[in-house]
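Okay, structure first, notes after.
Excluded from the calculations below are hydrogen atoms, water molecules and symmetry mates; all remaining heavy atoms, backbone and side chain alike, are included. By convention in this document, chain letters (A, B, ...) are assigned in the order of the sequence lines, proteins followed by strands, and residues within each chain are numbered from 1.
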2 protein chains.
Amino acid sequence: MQASLEQYIRDRIGADDAQLGEVMSHFSPLKTRRNQLLVREGDICRYCYFVVKGCVQVFVYDRNGDESTRDIVVENNWVSELFSFGNQVSARENIRVVEPGQLMAIGYDSFQKMVQTVPPFEQIYRQIVEQSYVNSVFRLNTFVSMDALERMQWLSEYQPKLLARLSSRLVASYLGISPETYSRLKARL
Amino acid sequence: MQASLEQYIRDRIGADDAQLGEVMSHFSPLKTRRNQLLVREGDICRYCYFVVKGCVQVFVYDRNGDESTRDIVVENNWVSELFSFGNQVSARENIRVVEPGQLMAIGYDSFQKMVQTVPPFEQIYRQIVEQSYVNSVFRLNTFVSMDALERMQWLSEYQPKLLARLSSRLVASYLGISPETYSRLKARL
DNA sequence: TGAAAACCTTGACAATTGTCAATGGTCAGC
DNA sequence: GCTGACCATTGACAATTGTCAAGGTTTTCA
């Protein structure tokens, strides 16, 4: 259940059992339904989530009201609208469950307390942000320097597992193209 | 000269003069020439830079060998190839001076030492990464959800100063479009 | 200052991508 | 298991964006 979060933390910090217990006590398990909305644009994001099992989508709406997917998060990763969560202001993105599964949620106050009082947790937080940043830099470079077909190839080379488990519609949205274009490019590989 | 870096640090941490002096002693001023290459793809990025004056471009090459600009950094901001700098591995991006000016550079060893031994510096580093991440999230959302014209409008709304000081060619590269397309869209506003 | 290089714009055309519509298939939830 | 909603694909066409070429301008730097 929560074992994978414990393992995640253990893998990253010298495991002090007391501290680990203290940290874990601030997380609540959360079973997710398909399509469950975790964060809605305009609301304040009150939790940071660790994905134990399942898959989650971070997206915005374009001018036509269609979804554009900024990120997709799978097992053993963190997801939140970090700007909204960190400053407790309105979120500019939506977060929704793609595959039902299991999350561990930590609220804002608990999170701040852990960052400030448990140094290893602060380090983990820094690693999360670093990792997220590095990922988004890679992704940005695909957008500034590649066309749709090249982005598809990039995805199938570097994230083949992701590609295999998501619907075509969602992959298209992640690539920033229409489902029809995605379908046609796929036929052209 | 280095006053703006001192001010930057003072603004963000309770200023302890001894610590501030210690931190500042690890930075070297660097006068930059136009087009000077700070980091080349494949090299290891050995410094993190604070921009005192001037403007710097972070870019990759596309399949045609044309530059695609991932980021543009101006005064009072930090720039580095963070993945390369943090792990001392090959850089995947290039960094080049757009406008000549003044930088403050800190090397890898100094940086690590500061992060580990000067808690306020560690906090500043976290803020840098957080800020960079939030910026790249906004930018990613413009790519997944907007066409070229909408991205132009977004830029002129949220970064009008940047738009005013850069060449058209560079702005086009930052928007991920050709100079010709940029020129035409501009005429259509 | 003068020559060379780079830049900006525009035209003509090609390639890419989006939109709308129709079809058949698949899947979630009752 | 049924059923209605959603999904994937394809065609036809429109809109967007890229490429190549040319011209006039500005900028660089020796």
Side-chain angles (χ1 to χ4, degrees), chain A residues 31-37 54-55 57 59-69 72 96-101 142-156 163-189, chain B residues 31-37 54-55 57 59-69 72 96-101 142-156 163-189:
Chain A
K31 217 175 193 62
T32 55
R33 307 183 309 279
R34 182 181 192 73
N35 290 330
Q36 179 175 353
L37 209 56
C55 177
Q57 168 199 20
F59 66 99
V60 295
Y61 292 100
D62 68 15
R63 67 182 176 296
N64 300 322
D66 292 332
E67 297 173 10
S68 303
T69 300
I72 291 170
R96 186 172 50 198
V97 173
V98 173
E99 288 176 17
T142 68
F143 280 103
V144 292
S145 73
M146 299 179 187
D147 64 19
L149 184 59
E150 292 173 304
R151 289 203 297 280
M152 273 189 56
Q153 292 164 338
W154 187 87
L155 193 61
S156 73
L163 211 154
R165 84 191 267 187
L166 302 177
S167 70
S168 295
R169 168 169 292 269
L170 187 51
V171 173
S173 155
Y174 186 67
L175 291 171
I177 60 180
S178 68
E180 293 92 340
T181 295
Y182 179 66
S183 190
R184 291 187 172 103
L185 292 180
K186 218 173 16 172
R188 197 167 1 127
L189 282 180
Chain B
K31 216 172 193 63
T32 56
R33 309 183 306 279
R34 182 181 191 73
N35 291 331
Q36 178 175 356
L37 209 55
C55 177
Q57 168 198 21
F59 66 100
V60 295
Y61 293 101
D62 68 15
R63 67 181 177 298
N64 300 324
D66 291 332
E67 298 174 8
S68 303
T69 300
I72 292 169
R96 186 172 51 199
V97 174
V98 172
E99 288 176 17
T142 69
F143 280 104
V144 292
S145 73
M146 299 180 188
D147 64 19
L149 184 58
E150 291 173 304
R151 289 203 297 280
M152 273 189 57
Q153 292 163 338
W154 187 87
L155 192 62
S156 74
L163 210 152
R165 85 191 266 185
L166 303 177
S167 70
S168 294
R169 168 168 292 268
L170 187 51
V171 173
S173 156
Y174 185 68
L175 291 171
I177 59 181
S178 69
E180 292 93 338
T181 296
Y182 179 68
S183 189
R184 290 185 172 105
L185 291 179
K186 219 171 19 171
R188 190 158 17 119
L189 282 181

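- Base engagement by A/S178 is indicated by at least one non-hydrogen atom pair under 4.0 Å involving a base atom.
- Residues A/C55 and A/L166 meet the side-chain proximity criterion, which asks for heavy atoms closer than 4.5 Å.
- In this entry the distance linking CG of B/L149 with C1' of D/dT17 reads 12 Å, nearest Å.
- Distances from the side chain of B/R169 to the nucleotides D/dT9, D/dG18, C/dC7 place C/dC7 closest.
- In terms of modelled atom types and a separation under 3.5 Å, the side chain of A/N64 and the main chain of A/D66 share no donor-acceptor contact.
- When the C1' atom of D/dA15 is taken as reference, atom CG of B/L185 falls 12 Å away, rounded to whole Å.
- B/S68 and A/S145 form no side-chain donor-acceptor contact under 3.5 Å, judged by distance and modelled atom types alone.
- With DNA chain D read from its 5' end, the first of the two nearest nucleotides for A/L170 and B/T181 is the one closest to A/L170.
- Residue B/R63 contributes atom CZ, which lies 9 Å from atom C1' of D/dG18 at whole-angstrom precision.
- Across all strands, A/D66 comes closer than 4.0 Å to no nucleic acid atom at all (heavy-atom distances).
- The backbone N or O of A/F59 lies less than 3.5 Å from no partner atom in the side chain of A/T69, so there is not a single donor-acceptor pair.
- Taking only side-chain nitrogens and oxygens, B/S168 comes nearer than 4.0 Å to OP1 or OP2 of C/dC8.
- Regarding A/E180, its CD atom lies at a distance of 12 Å from the P atom of D/dC7, rounded to whole Å.
- We find that NZ of B/K186 is positioned 13 Å from P of C/dC7, with the value rounded to whole Å.
- To the nearest angstrom, C1' of C/dT10 lies 17 Å from OH of B/Y182.
- Out of D/dA12, C/dT17, D/dT19, the shortest distance to the side chain of A/R184 is found at D/dA12.
- Between the CD1 atom of A/I177 and the C1' atom of D/dT16 there is a distance of 15 Å, rounded to whole Å.
- Here B/N64 lies in heavy-atom contact (under 4.0 Å) with sugar-phosphate atoms only.
- Between the CZ atom of B/F143 and the C1' atom of D/dT16 there is a distance of 16 Å, given to the nearest Å.
- B/R34 places a side-chain N or O within donor-acceptor distance of the main-chain N or O of B/V98, the cut-off being under 3.5 Å.
- No N or O donor and acceptor, one from the side chain of A/R34 and one from the base of C/dG29, sit under 3.5 Å apart.
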